[in-house]
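Whatever order the structure lists ligands and atoms in, that order sets their numbers, starting from 1.
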Amino acid sequence: MRFKLQNQHCLLFLPWSHQRISVRRCMRTNLRNDERKFYISTPIFYVNASPHIGHLYSAVIADCLHRYKLLKGFDSKFATGTDEHGLKIQQAADAAGEDPLNFCTQVSERFKHLFRSCDIAYTDYIRTTEPRHQQAVEHFWSVLRNKGLIYKGSYEGWYSTQDESFLTPSQVGDAVDASGKQIKVSLESGHKVEWMKEENYMFRLSEFRPRLLDWLRENPRAVQPERFYQAVLLELQEDLPDLSVSRQRSRLQWGIPVPDDPEQTIYVWLDALVNYLTVAGYPDQHDRWWNVAHHVVGKDILKFHAIYWPSFLLGAGLPLPQVIHVHSHFTVEGKKMSKSLGNVVDPIERSLTLTTDGMRYFLLRQGVPDSDCDYKDDKVVKLLNAELADSLGGLLNRCTAPSLNPAQVYPHFCPHSFPSEQGVGSKGRAVIEDYHMLDAVRSLPGVVEQHYESLHTYKALEAICACVRQTNGFIARHKPWKLNGKDTEDQRWLDTIFHVSLECLRIYGTLLQPVVPEISNKLLSRLGVLPSERSWAALDFLPKFQEMTCPFEGRELGADSGVLFSRLERPSLDKGKPKKTKKLQD
Ligand code: MSP
């Protein structure tokens, strides 16, 4: 092992099968400084076009992990931003008749606006045209150059401007363009490629294959999910060619000049990848954050992050990122999103009807890291109505509606009605399914934690939804509206039903914060849960069941600020139909 291992995960968050690996890692690293720190990044977004739901998906995944880490008490840094150099940005600015920097500023602002309006709680927004970044790139370049890893050479081969990527002959195929002309395209992206022959600087990528293989073998969870880890290993079965890391200035002016050679511009991917270091404070005091770096990236940019980036870092003598989290893509009604097909989904426009939490929920509930997922308006509306409006919103309504909870309090729990053991002859009114529900909710934080950690957020949401259904079943089974409030026993049981249900809701609201921050806030505020009582450490479900004190018992509920999530109309089916109102009790 030639580079420093970093603490990968803490034992606490991992399933048993991974614990042995983690113990080894934790022991070999300095946990004291880094254990409560976390640094997560999104890819930085190209500014040649406006943001779409795919971009928002990358950002929401990272945002969810960042928010989750904050809830766990971590000091978390979350970086996003825009990738502003390169030929395709230069061409897009030319086509728009704009000065490149003005053009970049305008589009970068659109990304910022999207992220702000979708509650992407980044702590740093980086633009590659910023001076701090230029300094970091120049320094990084000089380190590689001084180590003899960059040499002047000549490159000849295929280049895709759209992907800003060099390709080997086996990665290129034939195609016909819109005018019927024969062209060459990248087999992976379908984008047009051109033959390029240039004098430029080369990076000795070929030297790094063995070290990359060591890194991957010793860190089997460095690239997740497994499918993408295997894809990187497969790519490393063949020799790596040296990589061209500059372009002639005459062809590419829009980029950072090579230090000491103004005739050359630094390759946009080297420039862009260094953004992760810039944000960490490179070249000055970057260790603190760089040792705990995690990247979220789409599957299309895996090679850049899992082969080029680690090689550059190894070359510069820097630690490697702890985990590269890879996600798949969103298609729209079964087709790849593209301007020419006119099916690009604008997340700002959609969130006006779906709400920002609705968008976030859909992307994280439907998005599966391993495989592509599909966006369809109708499907989104159905899902949000079923899970957020009816199931979760309905549950909150049932527990807090003044008709059922006239005192508007978090009622008392009666241990006789719901004894901790369901014994024969006990006066308890709870049935076996109720005990099963308590077991499920008690173990829910552990389940959710495991899925949030591995970015299988859809599984976390699936587990939460299953518990919400169980709690709705609990209420439906015991029909509190049929109990006689004048009978003491009945009243105690009624209070207990609501106490238990509100405790369940408190757990759901707390766990959902990383996914739907606004809805969770509304829910927890309605329950009267204070901001300081919303962390992971405060979860502690139903303490009264273990004869412990419950800080919420007897507390007044928070103000009613309306329906948790209003039902949405289905675009194709509900046009013209009157909006359904929700039933209170069923
Ligand atoms: N600028 C580079 C990244 C440099 S990082 C050092 C880039 N930019 S991008 O704007 O093209 O893509 C940014 C992210 O959006 C990538 O993670 C990419 O996978 C993601 N997506 C782009 N289209 C997508 C979908 N249709 N669905 C999901 N994510 C998608 O690559």
Single hit among Glu263, Glu198, Glu199 for salt bridge (Lys or Arg N to Asp or Glu O under 4.0 Å) with Arg251: Glu198
Phe38 six-ring face occupied by Lys77 cation (under 6.0 Å, within 45°): no
Ring-face cation contact, Tyr159 with Arg247, 6.0 Å cut, 45° max: yes
Aromatic ring pairing His327/His329, orientation class (parallel under 30°, perpendicular over 60°, tilted between): tilted
Residue contacts for ligand 1, heavy atom to ligand atom, distance under 4.0 Å: Pro43, Ile44, Phe45, Tyr46, His52, Gly54, His55, Tyr57, Ser58, Asp83, Trp269, Ala272, Leu273, Asn275, Tyr276, Val297, Gly298, Asp300, Ile301, His305, His327, Ser328, His329, Phe330, Met337
Aromatic ring proximity Phe203/Phe312, centre distance under 6.0 Å: yes
Sub-4.5 Å side-chain heavy-atom contact between Val60 and Ile120: yes
